[in-house]
There are 2 protein chains.
Amino acid sequence: MAGRSAHAPAAEACLDSRQRLLAAAWELLWLNSYATVSVDDLCRRADVNKGSFYHHFDSKAALAQAAFAQQWECLRPALDAIFSAQVPPLERIDRYAALGLEIQTAKAQEFGRVLGCPWTSLGCEAGCKDGDLRSIAAQKGERVSRYLAAAIRDAIALGQIPAGDPDELAAMCQALITGSAAQARITDSLQPFARLAGALRRLLGAPAT
Amino acid sequence: MAGRSAHAPAAEACLDSRQRLLAAAWELLWLNSYATVSVDDLCRRADVNKGSFYHHFDSKAALAQAAFAQQWECLRPALDAIFSAQVPPLERIDRYAALGLEIQTAKAQEFGRVLGCPWTSLGCEAGCKDGDLRSIAAQKGERVSRYLAAAIRDAIALGQIPAGDPDELAAMCQALITGSAAQARITDSLQPFARLAGALRRLLGAPAT
DNA sequence: ATGCTCCTTGACTATTCAGTCAAGTCAAGT
DNA sequence: ACTTGACTTGACTGAATAGTCAAGGAGCAT
């Protein structure tokens, strides 16, 4: 579930071409599949000429990578805070689910439909190709699983959930999060996000809040 | 998780053009994203001339729809059997997970990598477009959720799992299944399928087997 | 033999695609 | 004033795209 930087377009008149392209890529790749977003689409959205596009980025894929990398850098501090060891373990997971719901709600209001998670969509699309795009999604999955595993490890140590393999449980949670995002996008419903915290707690054998 | 009809290509020399196109679509759309599979690709794979393609199908999208519809018709009897009321509720869910693992394992051997679920991939790709393609995935999700909800309702009635809203629990299970398929495709690993039965039982509060 | 239907062929269409490139502009440094 | 580097422009390239269409072939019925 993504960062808040899609609020940036409002100030985009003040940004340079490169940043405008990054923002355009982020938005268009969230709404549409990678293969259907053309370089012309990106340039139009960013109000940048195609020659400038290729000055800043070697290729469409390079722009996509840079955009996703930038969004991760944006998102990471929020995740570090949510998953901080200063936050009780189960609350970390609740907050992560709440962050997702908050972002998706804002996006749905902005675009008139539920968008789901751009990492998931990109990953599924590029899924069978060994390439840079697929590894963007794979890497994000690993990073989130790392946060989740640490929280689960702590929750087990504190006796808040039944014992189990933290890495395996984290992978299950990640699958549930990924699937909820896909479901939300496909069905244009916020329900999967609204129910995610409860579902994660069930999966972990944690008491409902 | 899909049908077994992708074993059909071996006999494809005996099939008519239309069927060959349906089989080609199924295979190519499983391996690749819809937008990257061109009509030329489909015709080449099916050894059918483009003019013949358009004789049989109005458009690329029409072929995709027909291919997915055919696969559903193929898969449904197996699902009816697995989710039959004659099968104990939790065993239905275990068997569904086992079917998924079986199909994915066979596919991985055939293609040298894990393919995940074509419905999920198509759905994510077409996610934000209101069109026929997105509803293919949405419809499949609803159908599977219906099976799951019935099994869950029965399991609750038999006291095998704690009480809860069957439709909501079914949706959670469906999210987990969808996410596991996406995860498997992105990471090229059968692990998500291998752990799915256990994860579903956890989600439902069912005892491990 | 003729007509009809279904299917196939192969060339075609206009548009789009990712990417190229020479020339131009601008600001900063010398 | 001149140079340089960063950036922009706008036209271009060859290939690919979904879809079109006239003509032909084959099988069947009359």
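In the text below, chain A, chain B and the rest are named by the order of the sequence lines, each starting its count at 1. Computation of the quantities below employed the complete heavy-atom set of this structure, encompassing side-chain atoms and omitting hydrogens, waters and symmetry-equivalent molecules.
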Return the polar atom pairs (N/O with N/O) between nucleotides 23-27 of chain D and the protein under 3.5 Å, or none.
none

Just to be sure I follow the notation: if a pair is Watson-Crick (purine N1 to pyrimidine N3 plus N6-O4 or O6-N4) or a G-U wobble (N1-O2 and O6-N3), each under 3.5 Å, what dot-bracket string does DNA chain C give, with | for pairs to another strand?
||||||||||||||||||||||||||||||
Identify the 5'-most and 3'-most nucleotides of DNA chain C with at least one atom closer than 4.0 Å to a non-hydrogen atom of chain A.
C:dC17 to C:dC21
Check whether A:Tyr54 forms a cation-pi arrangement with A:Lys60 (NZ or CZ under 6.0 Å from the six-membered ring centre, at most 45° off the ring normal).
no
Under-4.0 Å salt bridge between A:Arg76 and A:Glu73:
no
Residues 111-118 of chain B side chain polar contacts: donor-acceptor under 3.5 Å, at least two apart:
residue: B:Arg113; atom: NH1; partner: A:Gly127; partner atom: O; Å: 3.3
residue: B:Arg113; atom: NH1; partner: B:Arg185; partner atom: O; Å: 3.0
residue: B:Arg113; atom: NH2; partner: A:Gly127; partner atom: O; Å: 2.8
residue: B:Arg113; atom: NH2; partner: B:Arg185; partner atom: O; Å: 3.3

Can you check whether A:Gln104 reaches A:Leu99 side chain to side chain, under 4.5 Å on heavy atoms?
no
Is there a donor-acceptor pair closer than 3.5 Å between any side-chain N or O of B:Asp80 and the backbone N or O of B:Pro77?
no
What distance do A:His55 atom NE2 and A:Leu21 atom CG have between them, rounded to the nearest 0.5 Å?
11.0 Å
Sequence neighbours excluded, which residues qualify as side chain to side chain donor-acceptor pair (under 3.5 Å) partners of A:Arg18?
none
Would you check, one step at a time, whether the test side chain to side chain donor-acceptor pair (under 3.5 Å) holds for A:Gln183 with A:Gln191?
CA-CA 9 Å; A:Gln183 211 174 36; A:Gln191 271 298 298; over 6 Å; no
Check B:Arg134 with A:Asp188, please: is the shortest side-chain N to carboxylate O separation under 4.0 Å?
no
Is there a donor-acceptor contact under 3.5 Å from the side chain of A:Ser38 to the main chain of A:Asp41?
yes
Test item: A:Leu200 and A:Leu148 side chains (from C-beta on) under 4.5 Å apart, heavy atoms:
no
Verify, without hydrogens or angle tests, whether B:Ser135 (side chain) and B:Ala138 (backbone) share a donor-acceptor contact under 3.5 angstrom.
no
Return the value, rounded to whole Å, for the distance between atom CZ of A:Arg18 and atom P of D:dC7.
9 Å
Can you pull out the residues from residues 50-63 of chain B that lie within a 4.0 Å heavy-atom distance of DNA chain C?
B:Gly51, B:Ser52, B:His55, B:His56
